[in-house]
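Here is the structure we will look at, set down as structure tokens.
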Amino acid sequence: MFAAIKQASEPFPMNKILATLRPPSHQYNGNLLWNVSAIDNHRNSINTSITQLRKLDYWASEFPEGDGITFTISDKKKTSDEILADFRSCFGWLHISIDLPKIDKPAPKRSPLPSLGYEESITINKADIALTQLEDAIDLFLTNKRLSSITLAAAADGIFSGILKSQNRKSSAEETWTSIEEARTATGKNIAGDRTAQDAFNEWNFFQNRLKHHDLNDDKQLEINIFDHAYYAIKRTIADAGKLGYSAKNGHIFEKWILENIFL
């Protein structure tokens, strides 16, 4: 993964490791690359920096080879300079230069991937994809396959909440936090402790991320209440789907099961 790195125009600080930032371009993820032999003593720093980056609404994961990270960003309108500033703030132990050639070039033309021929490709609405994922997540929940339902519901809500954001509307999670802040103002009480909005979102997303990714220094075990996280992941997704006028065909079965088994 590591490629030749351009020298930055400013003097290179000797106490930092040289790295190159390649922002996302076309359909490709962004990369932050460094020489793997130079970061042996910085494993904790990598984990800390990735955590800080995720707080800025990036998805990021270290390469298995240990020579950098791959990342995406929710805010597609961020400029390369803004992305570079984010990375420099999170990876203060690196001296980061930016490599832009790929952005300036048109998307490469590639031959289509070979097909098995079993069925034809289709074009499908993103919201319909999310609705199918939500319905499958509910089916998994009801058949006691709740661990997998968490990831599927989270994937669906990633689409629904993204569509809401594109319409300048709040997701159910954002509305929940707005209600907490309003209650804090009205009562003068520190409801939800000293958490900020970003702290709350990180906590909500922590287990979903841990179920999908494994960074180099992550623990090999995870303590999780599977039922609770599956329930809340599905409920948030149902709420966001409803905001967009979508309803899971098995949603009433889920609500009936919850009523009969939890609240009665």
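From a predicted model like this one, the values you see are computed outputs, not experimental measurements.
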Q | Distance in Å, Lys170 NZ paired with Asn168 CG, rounded so as to fall on 0.5 Å steps | A | 12.0 Å
Q) Can you tell me how far the CD1 atom of Ile159 sits from the CG atom of Asn125, to the nearest 0.5 Å? A) 9.5 Å
Q) For the atom pair CD (Glu62) and CG (Asp67), what is the distance rounded to the nearest 0.5 Å? A) 8.5 Å
Q) Is the shortest heavy-atom distance from the side chain of Ile46 to the side chain of Trp93 under 4.5 Å? A) yes
Q | Polar side-chain atom of Thr48 near backbone of Ser45 as donor-acceptor pair, under 3.5 Å | A | no
Q | Co-membership, hydrophobic cluster, residues Leu222 and Ile50, 4.5 Å side-chain | A | no
Q: Flag yes if more than 12 heavy atoms outside Lys145 fall under 6.0 Å of its NZ atom; otherwise flag no.
A: no
Q: Just do the side chain to side chain contact (heavy atoms under 4.5 Å, CB included) check on Leu94 and Lys16 with the steps written out, would you?
A: CA-CA 5 Å; Leu94 292 176; Lys16 292 189 176 184; 5.9 Å; no
Q. Does NZ in Lys76 sit with more than 12 non-hydrogen atoms of other residues, nucleotides or ligands closer than 6.0 Å?
A. yes
Q | Path from Ile124 to Ile163 over hydrophobic side-chain contacts below 4.5 Å | A | yes
Q. Do Leu264 and Leu142 share a hydrophobic cluster (ILVMFWY, side-chain heavy atoms under 4.5 Å, transitive)?
A. yes
(Q) To check you understand the geometry: which heavy-atom pair defines the closest contact between Leu211 and Leu147, and what is its length? (A) CD2-CD1, 3.7 Å
**Q.** Lys165/Asp57 ion pair, N-O < 4.0 Å
**A.** yes
**Q.** Whether Asn261 side chain and Trp257 backbone form a donor-acceptor pair below 3.5 Å
**A.** yes
(Q) What verdict does the side-chain hydrogen bond (donor to acceptor under 3.5 Å, both in side chains) test give for Asn35 and Ser37, after you've listed the backbone C-alpha separation in whole Å, the side-chain angles of each residue and the deciding distance to 0.1 Å? (A) CA-CA 6 Å; Asn35 191 325; Ser37 64; 2.8 Å; yes
Q) Shortest non-hydrogen contact from Ala154 to Gln208? A) CB-OE1, 3.3 Å
Q. What closest approach, in Å, do Pro23 and Ser80 show between heavy atoms, and which atom pair accounts for it?
A. CG-OG, 4.1 Å
Q) Heavy-atom distance under 4.5 Å between the side chains of Trp59 and Lys212, does that happen here? A) no
Q | Close side-chain approach of Trp177 and Arg195, heavy atoms under 4.5 Å | A | yes
**Q.** Mutual orientation of the aromatic rings belonging to Trp34 and Phe91 [parallel < 30°, tilted 30-60°, perpendicular > 60°]
**A.** tilted
Q. So does Leu116 have more than 12 non-hydrogen atoms from other groups sitting under 6.0 Å from CG?
A. no
Q.
Would you say Asp199 and Thr196 are linked by a side-chain donor-acceptor pair, where the criterion is simply a distance under 3.5 Å?
A. yes
Q) Is the backbone of Asp86 close enough, under 3.5 Å, to the side chain of Ser89 for a donor and an acceptor to pair up by distance? A) yes
(Q) Is the shortest side-chain heavy-atom distance between Ile96 and Leu84 below 4.5 Å? (A) yes
Q) Mind checking whether Phe254 and Ile238 have side chains closer than 4.5 Å, heavy atoms only? A) yes
Q | Cluster overlap Phe263 with Tyr232, hydrophobic side-chain contacts below 4.5 Å | A | yes
Q) Quick check: does any side chain N or O of Thr70 sit under 3.5 Å from a backbone N or O of Ser61, one acting as donor and the other as acceptor? A) no
Q.
Show the nearest heavy-atom pair for residues Ile138 and Ala248, with the distance to one decimal.
A. CD1-CB, 3.9 Å
(Q) Measuring from atom CG of Leu131 to atom CZ of Phe160, what distance do you get when rounded to the nearest 0.5 angstrom? (A) 5.0 Å
**Q.** Beyond-backbone contact of Gln167 with Leu244, side-chain heavy atoms, under 4.5 angstrom
**A.** yes
Q. With distance as the sole test, does Arg169 use its side chain to make a donor-acceptor pair with the main-chain N or O of Lys243 at under 3.5 Å?
A. yes
Q) Got a second to check how far Asn47's CG is from Gln52's CD, nearest 0.5 Å? A) 11.0 Å
Q: For Asp75 and Lys77, indicate whether the former's side chain and the latter's backbone hold a donor-acceptor pair under 3.5 Å.
A: yes
**Q.** Nearest atoms (heavy-atom pairs only) where Leu152 meets Ala137
**A.** CD2-N, 3.7 Å
Q.
Measuring only between side-chain heavy atoms, which start at C-beta, is Leu134 closer than 4.5 Å to Ile234?
A. yes
Q: Decide side chain to side chain contact (heavy atoms under 4.5 Å, CB included) for His95 and Ile17; before the verdict, give the C-alpha distance in whole Å, the side-chain angles of both, and the deciding distance to 0.1 Å.
A: CA-CA 6 Å; His95 182 72; Ile17 295 169; over 6 Å; no
(Q) Check whether Arg236 reaches the backbone of Ser172 with its side chain - one donor and one acceptor, N or O, closer than 3.5 Å. (A) no
Q | Phe207 side chain near Asp228 side chain, heavy-atom distance below 4.5 Å | A | no
(Q) Donor-acceptor pair, distance only, cut-off 3.5 Å: does the side chain of Ser149 make one with the backbone of Leu140? (A) no
Q. Nearest heavy-atom pair of Asp240 and Ser161: which atoms, and what distance?
A. OD2-CB, 4.1 Å
(Q) When you measure from the side chain of Asn250 to the backbone of Glu135, do you find a donor-acceptor pair of N or O atoms at a distance under 3.5 Å? (A) yes
Q) Can you check side chain to side chain contact (heavy atoms under 4.5 Å, CB included) on Tyr58 and Ile69, steps first, answer last? A) CA-CA 12 Å; Tyr58 289 79; Ile69 68 169; over 6 Å; no
Q) So how far is it from Leu164 CG to Ser171 OG, rounded to the nearest 0.5 Å? A) 7.0 Å
Q) Between Phe141 and Phe227, how do the two ring planes meet: parallel, tilted or perpendicular, split at 30° and 60°? A) tilted
